Amino acid sequence: MRNTLMTDSLILGIDLGTTNSLAAVMTPGGPEIIRDARGAALVPSVIAFVDGEVTVGLEARAHAVENPTATVYSVKRLMGKSIEDLTSDLAVLPYEVVPGRNDTVCVKVQGREMTPQELSAIILRDIKARAETARGQEISRAVITVPAYFDDSQRQATRDAGRIAGLEVCRIVNEPTAAALAYGLDRSEDACIAVYDLGGGTFDVSILRVSGGVFEVLSTQGDTQLGGDDLDRELINLLTGEIRREFGEELTFPPATRQALRTFAEATKVRLSTESDATVEVDLGAGRLFRRTITRDEFESLAVRWIDHTIEHCARALRDAGLGPKDIDQVVMVGGSTRVPMVCRKTGEFFGREPYTAVNPDEVVALGAAVQAGILAGIKRDTLLLDVTPLSLGIETLGGAVGKLIMRNSTVPCQATETFSTYVDGQTAVDIHVLQGERELAKDCRSLGKFQLTGVPPMPAGAPRVQVTFLLDANGILDVSARELRSGQAASVQITPAHGLTRDEVDSMVRDSYARAVEDLNAHRLIDLRNESARILAAIEKAIETAGDVLTPQQRQTLDAAVGDLKTKREGEDCDAVYEAMGAANDAAMPLTRAQMDDVLSKTIKGRKMDEV
Ligand code: AMP
């Protein structure tokens, strides 16, 4: 029998996007994205009509190349619009758009006319079915997001699409408001928020004011024809220009090569979000291979004019709201293209504060829609208010221990810095694993994220100085940065530590840490002793190599025995035994240490007068 109560209480949060759509639901642990069996969340907002069958998503997108007139995408651009409104869009859409009733449009596929609402409903029905499969229950209600600039007729069309899909649309929510909700900014007291949304083909920025949990859109600006695709196009133009210069100006690019170039360009752009360069190889047939390495600097010189356009829109949005950059309290990043580092950098510079990027920019709107859905369904928002941080924050150190930087119950905002070093000679990368919890071992804490500091110049173990800084702001957003002080190499990550943790879960994590305090401290001590003994063993080995011959056979035998004993004891679990064996090894190595010190001293003194020494 169906559980009516469950069915009624669950409301789906849907981000119905121009390029991709996805959904999320509110759970007791916080908002959760709906994923298919393979873990995928994004459903391309594409519908294909093939042999009387309708397909949606990835499968439909695969038809776009061979079946362009029967593959419909970007329906969102048509919602609530008349044919006159759409002149610039129509030139680029490969399917047929015809005038509909009452100043609207229809899409004509294989002789059949369909309204944008009906087409959007096909996507929504698919999203609904995926969510029902994932949750194992029927879902009949939804919150759907729309851009802040959508007018009444566009909002009404979206509502109708939901109804046609068999969903009661409880609320239409502005996308920027949803993004702010996903970051818990509804709890801010009287704050101004800028939401910067750069997707594949569209850009918009909204200025919101939140007060007492109520959001007001003060202004919105944007360009419905600006996005990541423009950055791809810059790279395609660079590549085709150079290919022609290398292989002849008359060279033409058949559709398959053009498609390959587009794929390479996008992949290169994505690589350059994390790497400093990326190499493209294009096989042009007839033994012609084009190879080119593009640096991030070069890509940024192509991207900068597009990004500057978005910043001009930000300035206009602020002006419309009657505000200046200093009035903005938070900046929230939305859309896949905000992963381009220059986008965040320029936006941060303009608003004079670091933007929020901790929540996946593809998922942040759907998560916020689920938060709104949760509020409407009466699910209490039991996620945490961060006036104090409920759990300690730290990083994993050698051997799986935790180095805590911010202790539980610290008032926020707060900051902590510690310096670490390497344990291996010539180590050029350092993994930073950010953890939350009270336990002493990394495996017993909650993993919040990992990142790598690369490009550390090779140095002996212990020589690099890696300064790790934790900055927890008043909204609970944690910024972790790592900098190697000798080389200046730096890397960072942003995290929302409280995301999805309920009061009960926090309490149980704290209770666990008390219950296991003794056991945990012993485990931590054992790791420290093992690390220290490894350092001692390596130093003894080095000293034997350089000064081993100073030892008498008897001293050597004692040292070998002490080293052997320490090696055995450090494999065991007995902290005191390791500690004692460490002392014995140190004592046995004393003649060696003394000989090395004498050697250093004699080198220092050599050739100098007594009163100089
Ligand atoms: P959206 O419309 O929000 O789904 O964003 C899609 C756009 O984000 C496309 O232009 C993608 O190429 C771009 N994008 C996705 N991931 C990255 C990344 N890691 N770096 C740069 N651009 C990305």
Side-chain angles (χ1 to χ4, degrees), residues 14-24 33 35 40-46 57-58 61 64 73-77 92 123 127 145-148 175-176 178-179 182 195-206 222-237 259-278 280 294-300 302-304 306-307 309-310 332-347 355-369 449 451 491 493-494:
I14 303 178
D15 171 5
L16 181 62
T18 310
T19 324
N20 293 301
S21 298
L22 69 161
I33 290 286
R35 297 181 193 280
L42 295 185
V43 179
S45 306
V46 184
L58 274 179
R61 200 170 62 182
Y73 60 89
S74 288
V75 182
K76 190 169 173 179
R77 291 185 190 275
V92 292
I123 299 170
I127 297 274
T145 59
V146 295
E175 289 161 10
V195 182
Y196 177 107
D197 183 348
L198 187 61
T202 61
F203 167 71
D204 57 82
V205 54
S206 305
D223 185 337
T224 54
Q225 307 290 348
L226 194 169
D229 300 349
D230 294 300
L231 309 184
D232 300 349
R233 209 169 312 112
E234 288 286 348
L235 285 172
I236 295 169
N237 291 345
Q259 183 53 41
L261 277 171
R262 217 170 290 136
T263 308
F264 287 145
E266 188 181 6
T268 305
K269 173 187 74 175
V270 169
R271 286 275 306 273
L272 289 172
S273 289
T274 48
E275 315 273 319
S276 56
D277 56 54
V280 188
I294 298 169
T295 64
R296 188 187 288 176
D297 284 348
E298 222 176 326
F299 170 66
E300 290 191 345
L302 299 172
V304 66
W306 298 105
I307 299 172
H309 280 323
T310 68
V332 172
M333 300 304 260
V334 182
S337 299
T338 60
R339 293 197 181 92
V340 173
M342 191 189 218
V343 169
C344 270
R345 207 168 63 233
K346 287 237 163 199
T347 312
Y356 282 175
T357 54
V359 180
N360 182 336
D362 298 322
E363 297 177 353
V364 61
V365 169
L367 287 169
F451 68 104
V493 71
Q494 207 182 58

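Just so you know, ligand 1 is whichever comes first in the structure, and atom 1 is the first atom listed for that ligand. Computed from a predicted structure; not experimentally measured.
With respect to atom 23 (C) of ligand 1, the closest heavy atom belonging to the protein is G336 O, 3.4 Å. The protein heavy atom nearest to atom 16 (N) of ligand 1 is R339 NH1, 3.2 Å. Scanning the protein heavy atoms around atom 4 (O) of ligand 1, the nearest turns out to be N20 ND2, 3.4 Å. Of the protein's non-hydrogen atoms, G200 N, 3.5 Å is the one closest to atom 6 (C) of ligand 1. Scanning the protein for heavy atoms near atom 20 (N) of ligand 1, the closest one is S273 OG, 2.6 Å. The nearest heavy-atom contact from the protein to atom 10 (O) of ligand 1 is K269 NZ, 3.1 Å. In terms of protein heavy atoms, atom 11 (C) of ligand 1 is closest to E266 OE2, 3.2 Å.
For the atom pair CG of D229 and CD of E266, the computed distance is 7.5 Å after rounding to the nearest 0.5 Å. Atom CZ of R339 is separated from atom CG of L198 by 11.5 Å, given to the nearest 0.5 angstrom. Interatomic distance, CG of L42 versus OG1 of T19, reported as 10.0 Å (0.5 Å rounding).
Between R35 and E363 there is a salt bridge, since a side-chain N of the basic residue sits under 4.0 Å from a carboxylate O of the acidic one.
Between P361 and T338, the closest heavy-atom pair is CB-OG1, 3.5 Å.
The shortest distance between side-chain heavy atoms of I294 and V280 falls below 4.5 Å.
Look at S337 and you'll find a heavy atom under 4.0 Å from some atom of ligand 1.
Atom numbering of ligand 1 starts at 1 in the shown order; those under 4.0 Å from a heavy atom of G228 are 10 (O). For ligand 1, the atoms lying closer than 4.0 Å to a non-hydrogen atom of G335 are 3 (O).
Judged by distance alone, with hydrogens and angles left aside, the side-chain atoms of S45 form a donor-acceptor pair with the main-chain N or O of G17 at under 3.5 Å.
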